[in-house]
Amino acid sequence: IAEPMLEMIAGAMRELRIGDPADVRTDVGPLIDVTQRAALPAHRDWLRVHLHSASNHTLARLHAWRDADGQVLAELRLDEAVPFAHGDRFVLRDDAARHTLGGGAVLDPAPPARGLMRPDYQPQLALLRAGSPTAALALAADRGTVVGVAAFRRAWNLPESAMPGLLAGAGMQGITRGPAALAITASALANHVQAIAETVESWHKANAHVRGIRPDQLRAVLRARMPQALVAPVCERMVATGALRRGAGILQKPGPAPRI
């Protein structure tokens, strides 16, 4: 009875009127709105794949794109945790694990959960594409890139004791301590100090009726000029050296306190 039943259902569906739900003549209205429809391609772009690496394998979702240099990059979201390190090789097969699709090497085994296309993450990704930790730090020094020390060490699978020598060899210095430690060259640090000083000075000129600029306002103004994670530690250094003065929740240029 399957064939007659399918023919009957198909005929009934052809008779349905699709349109505006407010119209009494409409049998079926739209299933999703315009916003949700626009989001569908993003889900379509995530290809279901089977990932193999050494003795590990798991299902994953793959999103690939070409960068400005024409290199193919891919983000993989794994169904199960796999112990990856920078440089580990992997092979991708279809979700049934029957056909090989390609393969590659791991750049960042612990990328941010979101924002891979953010301007402040792309320089970090460029460092991970260098041939060695030494080459990566030399590139960072040349470009004035801020290095997240802990993340860099984990990505390259380095012991903590190796970092001071590597950073010193690249002419970089730590400007914060702890899990969120950052490193940068002295010249790049000087540029960021100048950017903050100029911003605070401009703020005072444009807002003579207020005593200073709040840290969140400063970060917003500097968003396009320096990494957000760098603003607070550089300000701390400037306060310590007298290049900035901290008031009640605000930052001020050095000198006599403005009178309101």
Side-chain angles (χ1 to χ4, degrees), residues 39-143 145-167 169-170 172 174 178-183 227 229:
L40 282 179
H43 294 281
R44 180 195 63 201
D45 290 343
W46 285 95
L47 177 67
R48 194 72 168 162
V49 295
H50 207 104
L51 179 144
H52 297 261
S53 178
S55 61
N56 301 298
H57 61 90
T58 182
L59 285 169
R61 288 178 294 152
L62 166 73
H63 175 61
W65 68 94
R66 289 188 183 274
D67 66 5
D69 299 324
Q71 297 292 317
V72 177
L73 300 176
E75 179 183 0
L76 285 161
R77 296 185 180 179
L78 311 184
D79 285 10
E80 300 177 14
V82 173
F84 273 128
H86 178 272
D88 284 353
R89 309 293 299 187
F90 61 87
V91 172
L92 297 176
R93 295 189 171 93
D94 64 1
D95 58 354
R98 294 177 181 173
H99 305 287
T100 299
L101 304 177
V106 175
L107 288 180
D108 190 348
R114 60 181 62 184
L116 294 186
M117 306 306 292
R118 292 196 322 261
D120 58 338
Y121 179 69
Q122 292 303 305
Q124 305 299 323
L125 199 57
L127 300 186
L128 293 171
R129 295 170 63 181
S132 68
T134 301
L137 290 176
L139 179 63
D142 181 62
R143 296 183 176 180
T145 302
V146 181
V147 174
V149 177
F152 184 90
R153 180 177 63 80
R154 286 194 304 268
W156 287 93
N157 199 26
L158 298 169
E160 189 172 354
S161 59
M163 290 307 300
L166 285 171
L167 291 172
M172 305 189 78
L182 301 173

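Model, not experiment: these values are computed from the prediction.
- In this view, Ala181 and Val149, Thr176 satisfy the side chain to side chain contact (heavy atoms under 4.5 Å, CB included) rule, not counting sequence neighbours.
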Exercise for review: Verify side chain to side chain contact (heavy atoms under 4.5 Å, CB included) between Leu76 and Leu92, making sure each step is shown before the conclusion.
Suggested key: CA-CA 10 Å; Leu76 285 161; Leu92 297 176; 4.2 Å; yes

Output a table of donor-acceptor pairs, distance under 3.5 Å, between side-chain atoms of residues 49-58 and any protein atom two or more places apart or on a different chain; print 'none' if there are none.
from: His52; atom 1: NE2; to: Arg93; atom 2: NH1; distance (Å): 3.4
from: Ser53; atom 1: OG; to: Arg89; atom 2: O; distance (Å): 3.0
from: Thr58; atom 1: OG1; to: Glu80; atom 2: N; distance (Å): 3.3

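- With a 4.5 Å cut-off on side-chain heavy atoms, Phe90 and Val82 do not count as touching.
- You'll find the side chain of Leu139 stays beyond 4.5 Å of the side chain of Thr145, heavy atoms only.
- Rounded to the nearest 0.5 Å, atoms CG (Leu127) and CG (Leu137) are 7.5 Å apart.
- When the side chain to side chain donor-acceptor pair (under 3.5 Å) test is applied to Asp79, the partners found at least two apart in sequence or on another chain are Arg48.
- Remark: Asp142 engages no residue in a salt bridge (charged side-chain N to carboxylate O under 4.0 Å, His left out) (not counting sequence neighbours).
- Here the shortest heavy-atom pairing between Ala170 and Ala138 reads CB-N, 4.4 Å.
- Evaluation of the ring-ring contact (aromatic ring centres under 6.0 Å, His included) rule for His86 yields Trp156 as partners, not counting sequence neighbours.
- Applying the salt bridge (charged side-chain N to carboxylate O under 4.0 Å, His left out) test to Arg154 and every residue at least two apart in sequence or in another chain returns nothing.
- With sequence neighbours left out, the side chain to side chain contact (heavy atoms under 4.5 Å, CB included) criterion links Ala229 to Leu182.
- Considering only heavy atoms from C-beta on, Leu167 stays 4.5 Å or farther from Phe152 through its side chain.
- Shown here for Ala135 and Ala130, the closest heavy-atom pair between the two residues is C-CB, 4.0 Å.
- Counting heavy atoms from C-beta on, the side chains of Leu166 and Leu158 come closer than 4.5 Å.
- Note: Leu73 CG to Leu107 CG = 6.5 Å, rounded to the nearest 0.5 Å.
- For Asn157, the side chain to side chain contact (heavy atoms under 4.5 Å, CB included) test picks out Ala85, with sequence neighbours left out.
- Checked against side chain to side chain contact (heavy atoms under 4.5 Å, CB included), Ala74 has the following partners two or more places apart in sequence or in another chain: Leu62, Ala64.
- The heavy-atom pair separating Gly87 from Ala105 by the smallest distance is O-CB, 4.2 Å.
- Residues passing the salt bridge (charged side-chain N to carboxylate O under 4.0 Å, His left out) test with Arg77 are Glu75, sequence neighbours excluded.
- Contacts of Arg129 classified as salt bridge (charged side-chain N to carboxylate O under 4.0 Å, His left out), with partners at least two apart in sequence or in another chain: Asp67.
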